[in-house]
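Worksheet for the structure shown next.
Note on naming: letters A, B, ... go to the chains in the order of the sequence lines (proteins, then strands), and numbering restarts at 1 for each one. Because the structure is a prediction, the values reported are computed rather than measured.
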There are 2 protein chains.
Amino acid sequence: MKQRETATIEDVARIAGVSIATVSRAVHHPGKVAEATRKKVNAAIAKTGFTANAMAQSLRNKSSKMILALVPDISNTFFANILLGLEAAASRRGYGLLIGNTENDPRTEATYLNYTRSNKADGIVLMTGHLPYGAAEVRQHLPPIVAACEAIPDEYVPFIGVDNRHGARIGVRHLVELGHRRIAYISGPASNILSIDRLAGYEEALGQMGLPVDRDLILDGDFSIEGGRLAVERLFIRDSLPTAFFCANDDMAIGVLLALSKRGFIVPVDFSVLGFDDIPFSSCTTPPLTTVRQPRRLIGEAAMEKMLDMVERKPTNEGPVILPVELIIRGSTGAPGGFGLSRAI
Amino acid sequence: MKQRETATIEDVARIAGVSIATVSRAVHHPGKVAEATRKKVNAAIAKTGFTANAMAQSLRNKSSKMILALVPDISNTFFANILLGLEAAASRRGYGLLIGNTENDPRTEATYLNYTRSNKADGIVLMTGHLPYGAAEVRQHLPPIVAACEAIPDEYVPFIGVDNRHGARIGVRHLVELGHRRIAYISGPASNILSIDRLAGYEEALGQMGLPVDRDLILDGDFSIEGGRLAVERLFIRDSLPTAFFCANDDMAIGVLLALSKRGFIVPVDFSVLGFDDIPFSSCTTPPLTTVRQPRRLIGEAAMEKMLDMVERKPTNEGPVILPVELIIRGSTGAPGGFGLSRAI
DNA sequence: CTGTTAGCGCCTTCAA
DNA sequence: TTGAAGGCGCTAACAG
């Protein structure tokens with residue numbers, strides 16, 4: 001007699017000699033089932049290797065116990081630990097994590113948004129900085145949404161991340177305290193909220209230290225290594241150079257390091273370089289990168305907690321969750337040595 | 001009159017003035033529906049914004065159209081592009097990708113294995129090098145499984161990856177041709193299949209070039225940066241040093257680079273360093289890393305194609321899919337300069 | 001070409 | 001404490 005491909009609740013019920021309702025109860029509300037019955041059921045479950053069909057459960061419960069995380073680029077190491085935090089918190093509460101790589105492609109975003117409409121996911125954690133394409137049309141019945149790392153401008157979506165302005169401030173202050181007076185800011189895309197917040201912090205720190213803001217030292221990048229490289233090249237075309245670079249993320253700082261090294265300069269003797277994020281690789285550059293660390297795993301965990309509170313309609317305090325940043329001082333920053341000093345020696 | 005939270009096929013049928021069967025047909029077998037009817041249905045779908053409930057579909061079809069990818073560490077940049085390839089190929093064929101981070105934890109593996117038992121996923125792409133924990137007990141009804149990058153020893157699971165032995169061979173040959181006679185092999189965990197295959201290639205290349213294999217130059221690492229570092233330290237404790245390091249992956253090569261630099265050596269003058277994989281960061285080290293590139297995206301795509309052929313029971317040729325490796329020569333390898341040469345200058 | 005209907009497997013009222 | 005039964009939304013077989 002060939003058994004069904006995979007055991008169902010009916011198989012268990014038959015073997016245990018009870019009804020399927022009792023099996024379901026024994027699993028989900030053990031208190032409502034007589035001790036002896038429960039034992040019989042558990043034995044039958046063990047014997048059959050029964051695992052409830054998640055699809056049937058989802059259909060019935062109108063909940064998939066899955067949360068979708070949308071990231072623009074899964075191969076960007078910055079997101080990895082956040083994802084790890086999201087997953088850890090989700091699994092602690094019995095949820096699974098679905099990871100969606102959007103590449104900022106509208107069609108892909110729309111496809112993933114449909115995951116919630118078709119009940120494949122109960123909520124969305126956004127790390128893309130914007131609502132998924134297609135969200136506007138269905139604004140009225142949008143699933144629970146939370147934004148990690150990058151806030152969603154102009155939308156009421158709970159934000160979990162760091163105080164980017166503050167992070168920039170302490171980074172730039174470090175540079176000023178080392179003696180730097182001309183500090184360049186290598187920004188991400190100009191309209192990006194992270195770029196903007198970090199720029200604000202940069203300007204504030206400069207102001208607090210009584211330093212002027214020189215527009216010529218503020219360059220747009222794109223958060224990529226190549227962007228950092230290019231920014232340096234553009235700066236060298238002009239005649240007035242900074243003594244330090246504050247980069248809006250580590251990738252660009254790495255690009256700056258590379259470009260400077262290629263031109264024969266020694267960091268931090270000739271120039272200081274400061275990043276933001278503290279991606280794992282930052283400690284492996286030459287020299288190791290001084291940077292503003294974001295507690296990525298914690299951000300992920302906090303974002304998921306908030307998300308699940310929303311999904312489960314638990315009371316959750318409004319407003320953003322702001323986690324602390326930390327200045328990690330390594331080898332890429334030091335007192336200004338003067339342009340070309342290392343080469344003169 | 002408040003509409004249902006989200007439109008169902010019945011809403012569409014009512015509005016279109018047809019039966020739900022016709023709606024389903026209009027969507028899945030448009031050819032079997034009259035032109036006029038189809039138009040009415042499509043209009044109703046557009047009006048309601050109907051999206052089929054994926055859970056109901058899965059329950060009915062016994063297929064979730066989801067494939068689970070199991071990776072030991074999602075924050076390991078090596079896996080990222082593979083995942084990207086998996087996702088691209090999956091979405092081309094109308095499937096979604098579920099990413100599971102196992103950390104080689106048996107409980108986590110078992111949990112994810114259950115995803116297929118509970119119909120959340122139709123198949124598993126393994127990048128962990130072993131069957132998930134709990135697979136042995138249910139061997140008889142295991143879902144379709146495919147192994148990417150790292151073959152599963154002793155199991156019949158289709159493998160998609162590169163010829164690791166060949167990759168090691170061309171890498172080591174490059175070193176020998178540069179003039180190196182004493183080449184260390186920094187291995188991953190000794191029992192790991194990748195470690196073993198690459199060791200075999202290393203020994204073969206040495207043999208082909210008429211060079212002896214010196215057991216003292218073969219060290220176990222663990223595929224981590226720290227592991228590379230440690231290997232160098234262990235080597236320096238002994239008296240006989242190599243002139244070149246062939247590392248079983250890029251992370252360890254980076255560790256070697258770091259350790260050498262810390263000791264004041266210049267690569268590639270004092271030592272040459274060769275990696276394996278060509279992770280994105282390899283071009284950003286000092287000096288840029290020479291390495292054996294794996295076509296990661298292609299591996300991902302091929303693995304997913306194979307997986308879906310299995311899931312859909314399409315004819316697929318047996319045996320592994322082997323993709324080509326490529327030696328990427330950058331700055332970390334050169335002719336041997338002699339121990340301490342750079343320091344003597 | 002279209003409608004009726006029987007489940008897919010599960011959970012939860014409602015009665016007993 | 002337990003069982004019977006309805007229904008979540010969908011697809012496909014069957015009849016017309």
Side-chain angles (χ1 to χ4, degrees), chain A residues 3-42 44-45 48-65 94 114-120 122 141, chain B residues 3-42 44-45 48-65 94 114-120 122 141:
Chain A
Q3 175 113 359
R4 230 198 227 84
E5 182 66 52
T6 146
T8 75
I9 199 172
E10 285 201 77
D11 300 317
V12 176
R14 191 167 3 90
I15 292 178
V18 298
S19 73
I20 62 169
T22 298
V23 175
S24 180
R25 267 191 298 256
V27 172
H28 301 290
H29 314 285
K32 295 189 164 195
V33 162
E35 171 77 19
T37 315
R38 202 187 323 145
K39 277 190 178 154
K40 279 191 298 183
V41 171
N42 286 335
I45 288 177
T48 55
F50 167 70
T51 304
N53 182 318
M55 297 305 126
Q57 288 181 309
S58 297
L59 178 58
R60 172 65 226 228
N61 299 336
K62 295 181 179 316
S63 154
S64 60
K65 291 267 193 173
N114 257 336
Y115 274 38
T116 56
R117 287 169 51 64
S118 69
N119 275 299
K120 274 180 174 169
D122 298 339
H141 21 213
Chain B
Q3 175 113 0
R4 230 198 226 80
E5 180 66 53
T6 146
T8 76
I9 199 173
E10 284 202 78
D11 300 318
V12 176
R14 190 166 5 88
I15 292 178
V18 300
S19 74
I20 62 170
T22 298
V23 174
S24 180
R25 265 191 301 256
V27 172
H28 300 291
H29 313 287
K32 298 187 162 195
V33 162
E35 171 77 18
T37 314
R38 203 186 327 143
K39 277 191 180 153
K40 279 191 297 183
V41 171
N42 287 335
I45 288 178
T48 55
F50 167 71
T51 304
N53 182 319
M55 297 305 127
Q57 288 180 309
S58 298
L59 178 58
R60 173 65 223 223
N61 299 335
K62 295 182 180 318
S63 154
S64 60
K65 291 265 195 176
N114 256 336
Y115 273 38
T116 55
R117 287 169 51 63
S118 70
N119 274 300
K120 274 179 172 170
D122 298 339
H141 19 212

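- Contact annotation: Lys32(A) side-chain N/O to dT12(C) OP1/OP2 distance is not under 4.0 Å.
- For Ala34(A), taking side-chain heavy atoms from C-beta onward, the closest of the listed nucleotides dG9(D), dT1(D), dC14(D) is dT1(D).
- By the 4.0 Å N-to-carboxylate-O rule, Lys39(B) lies close enough to Glu35(B) to be salt-bridged with it.
- Closest to the side chain of Val33(A), from the set dT2(D), dA13(D), dT2(C), is dT2(D).
- Between His28(A) and dC11(C), a side-chain N or O to OP1/OP2 separation shorter than 4.0 Å is present.
- Contacts of Ala52(A) with the nucleic acid, taken as non-hydrogen atoms under 4.0 Å apart, involve only primed sugar atoms and P, OP1 or OP2.
- Nearest nucleotide to the side chain of Val18(B), out of dG3(D), dG3(C), dC10(D): dG3(C).
- Side-chain proximity of Phe50(B) to dA13(D), dC10(D), dG3(D): nearest is dC10(D).
- In this model, the phosphate group of dC11(C) is approached by a side-chain N or O of Gln57(A) to a distance below 4.0 Å at OP1 or OP2.
- Between dG3(D) and Thr22(A), a contact under 4.0 Å exists linking OP1 or OP2 to a side-chain N or O.
- No engagement by Asn119(A) is indicated, since no non-hydrogen atom pair under 4.0 Å with the nucleic acid exists.
- Listed pair Lys62(B) / dG9(C) meets the phosphate criterion, a side-chain N or O lying under 4.0 Å from OP1 or OP2.
- An OP1 or OP2 oxygen of dC8(D) is reached within less than 4.0 angstrom by no side-chain nitrogen or oxygen of Thr8(B).
- When the nucleotides dG9(C), dT11(D), dG3(C) are ranked by their closest atom to the side chain of Ser19(B), dG3(C) comes out on top.
- At dT12(C), one or more side-chain N or O atoms of His29(A) fall inside 4.0 Å of OP1 or OP2 (strictly under the cut-off).
- Out of dT2(C), dA12(D), dC10(D), the shortest distance to the side chain of Arg25(B) is found at dT2(C).
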